[in-house]
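Heads up, the thing below is written out as structure tokens.
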Amino acid sequence: MKALVIGSGGREHAICWALAKSPSVTEIICVPGNGGTALEPKCRNLDPASHPNTQRMGFEDACVAIALEEKCDLAVVGPEDPLANGVADLLWNANIPVVGPKSQGAALEASKDLAKAFMQKHGVACGDSKTFTDEVSARAYVQEKGAPIVVKADGLAAGKGVVVAATEKEAIDAIHKFMNQKTLGQAGTKLVLEEYLQGVEISILAAVSVTPELAQAGTATIVPFVTARDHKRLLDGAKGPNTGGMGAVAPVADVTPEQLEAFQKTILQPTLQGMIAEGMDYRGFIFFGLMLTAQGPKLLEYNVRLGDPETQAVLPLMNFDFAQMCHAITHGTLKDFDFQWKKGFVCAPVAVSGGYPEAYKKGMKISIPQQVENGKIFIAGATLDRRSSNGDSKKLVTSGGRVLATAAYGDTFQEAWDTAYALLAQVDFDGIFYRKDIGLPGAAESGNL
């Protein structure tokens, strides 16, 4: 099997690593990939912008052209933007099986308003909300409801479209920036104002195989993975600015069987039934962002792909063939797939560039250990240094804010934590920064983040 992986982050490196472990996978083409995927066994990066046959194409069309040219048997889509732009529809039209929902399902992440309407229509447990397209009405709603309140941009905003406002002024300022100053472009011209939910947050990634045909046969299904938790705040103790994710752990030890049962009953099953009722062709992954409240789990958001950095913590716990699971998703046999998970824990702290999530330098040389035991370094914002004077093509330099994650497995959480941080202590680049408390008590955020 030859696979195409679309994306360039740490999640995509983890996906490539998981695919490469399968004996059924002969080669992986990562579009465009990063420094980690370039060095991963069986993996080859291909940038559509510099490929002679695709450099004049749009990204989604280029992905299809590359998949056809390379004779790929499977595609796995990492990020949300290509899915929202219909890359799965295009790939299926080219007879290439793809793990990633078609554009109808992808809208569950691309539009917060549509997602909330779906939740409310199909009885998914979630917070109350109202959608606005003009600033005056949105401000009046904040003054009526008071604070705390959550302001969400309707469209995709690369993790920058959510403000948890502790005061009415914070909420009104966010509304003005999004709607009037257009700091998020078109993504913030429509806003969802949402009830603040008190509790602790967890993530549940899941595999989905839903089509009208499978629904009719009674084999449409969503299969949840082990629980995970990411840490979005920059500083220890869940303080500082919101980021794309400072690290993740899996599974989450403080989640009870009763909470998981409630999740299945009030969130997962209504979501599945909603997809069936809407006639969706959704063969891919879904991410449930949950708040564990005193009233039970409530859904904060859907992501229509694997989470980042949760993927880097969850995939090392797989005790099954990732490529064969992808085949089961695309070919409608997921309901019968045998999911087996290791019984231990994974801790995956993230190292970021100094200054992140604001301005930061790029091109910093990265020092990582040559041999890694009991762990895996997943590269995110780093590329190969083509300027290396000694001809070493395996040197990495920083190219993004979140640079890498050191994921380590342990039979106990403490063992996983100790190993992950011991590995991270061997990583260095100018300006390196990371939290010291990923997965520890007091590290988890509370409220809608």
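- Between E80 and R305 there is a salt bridge, with a side-chain nitrogen of the basic residue lying less than 4.0 Å from a carboxylate oxygen of the acidic one.
- With sequence neighbours excluded, the residues satisfying salt bridge (charged side-chain N to carboxylate O under 4.0 Å, His left out) with K102 are D281.
- Using modelled atom types, no side-chain atom of Q120 and backbone atom of A117 make a donor-acceptor pair closer than 3.5 Å.
- A donor-acceptor contact shorter than 3.5 Å is absent between the side chain of S111 and the backbone of A107.
- A salt bridge links E278 and K121; the closest N-O separation between the charged side-chain nitrogens and carboxylate oxygens is under 4.0 Å.
- Under the 3.5 Å distance criterion, the side-chain polar atoms of T26 are matched with a main-chain donor or acceptor of M1.
- Of the possible polar contacts, none joining the S22 side chain to the A323 backbone as a donor-acceptor pair under 3.5 Å is found.
- Electrostatic pairing of D411 and K343 does not count as a salt bridge here, judged by no charged N lying under 4.0 Å from a carboxylate O.
- Between the S353 side chain and the G400 main chain, a donor and an acceptor come within less than 3.5 Å of each other.
- Of all heavy-atom pairs between A207 and F339, the closest is CB-CZ, 4.4 Å.
- At distances below 3.5 Å, not a single donor-acceptor pair connects side-chain atoms of T37 with backbone N or O atoms of C30.
- Ion pair K112/E194 not flagged as a salt bridge, since none of the NZ, NE, NH1 or NH2 atoms sits closer than 4.0 Å to an Asp/Glu carboxylate oxygen.
- Ring-plane geometry between F118 and Y302 is classed as perpendicular, the angle between the planes exceeding 60 degrees on a 0 to 90 degree scale with a lower cut at 30.
- A salt bridge between E201 and R229 is absent, with no side-chain N of the basic residue lying under 4.0 Å from a carboxylate O of the acidic one.
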- Item | Pair L46-E70, side chain to side chain contact (heavy atoms under 4.5 Å, CB included): steps then yes or no | CA-CA 11 Å; L46 206 164; E70 295 287 342; 3.7 Å; yes
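- Looking at T293, its side chain does come within 3.5 Å of a backbone N or O of G296 through a donor-acceptor pair.
- Atom CG of residue L300 and atom CD1 of residue I202 lie 10.5 Å apart, to the nearest 0.5 angstrom.
- The aromatic rings of Y434 and Y421 lie tilted to each other, with the angle between the two planes from 30° to 60°.
- In this structure, the side chain of N45 engages the main chain of N34 through a donor-acceptor pair within 3.5 Å.
- To the nearest 0.5 Å, the span separating SG on C63 from CD1 on I96 amounts to 10.0 Å.
- Taking the six-membered ring where the residue is Trp, F285 and F322 present parallel rings, their angle staying beneath 30° rather than reaching 60°.
- At a threshold of 4.0 Å, the pair E40-K376 counts as salt-bridged, since one of the basic side-chain nitrogens sits closer than that to a carboxylate oxygen.
- Distance check, rounded to the nearest 0.5 Å: CD1 of I222 to NZ of K335 gives 10.5 Å.
- Under the 4.0 Å criterion applied to side-chain N and carboxylate O atoms, K177 and D173 are not assigned as salt-bridge partners.
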Exercise. Evaluate ring-ring contact (aromatic ring centres under 6.0 Å, His included) for F288 paired with F263, printing each intermediate quantity in order.
Key: CA-CA 10 Å; F288 297 95; F263 159 72; 5.2 Å; yes
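- Across P32 and P48, no two heavy atoms sit closer than the pair CB-CD, 4.2 Å.
- Ring planes of W341 and F225: tilted class, angle from 30 to 60°.
- Relative to the six-membered ring of F433, K436 meets both conditions, a distance below 6.0 Å and an angle of at most 45° to the axis.
- Expressed to the nearest 0.5 Å, how far CG of L197 lies from CG of L299 amounts to 10.0 Å.
- Between D230 and K232 a salt bridge is recorded (basic side-chain N to carboxylate O distance below 4.0 Å).
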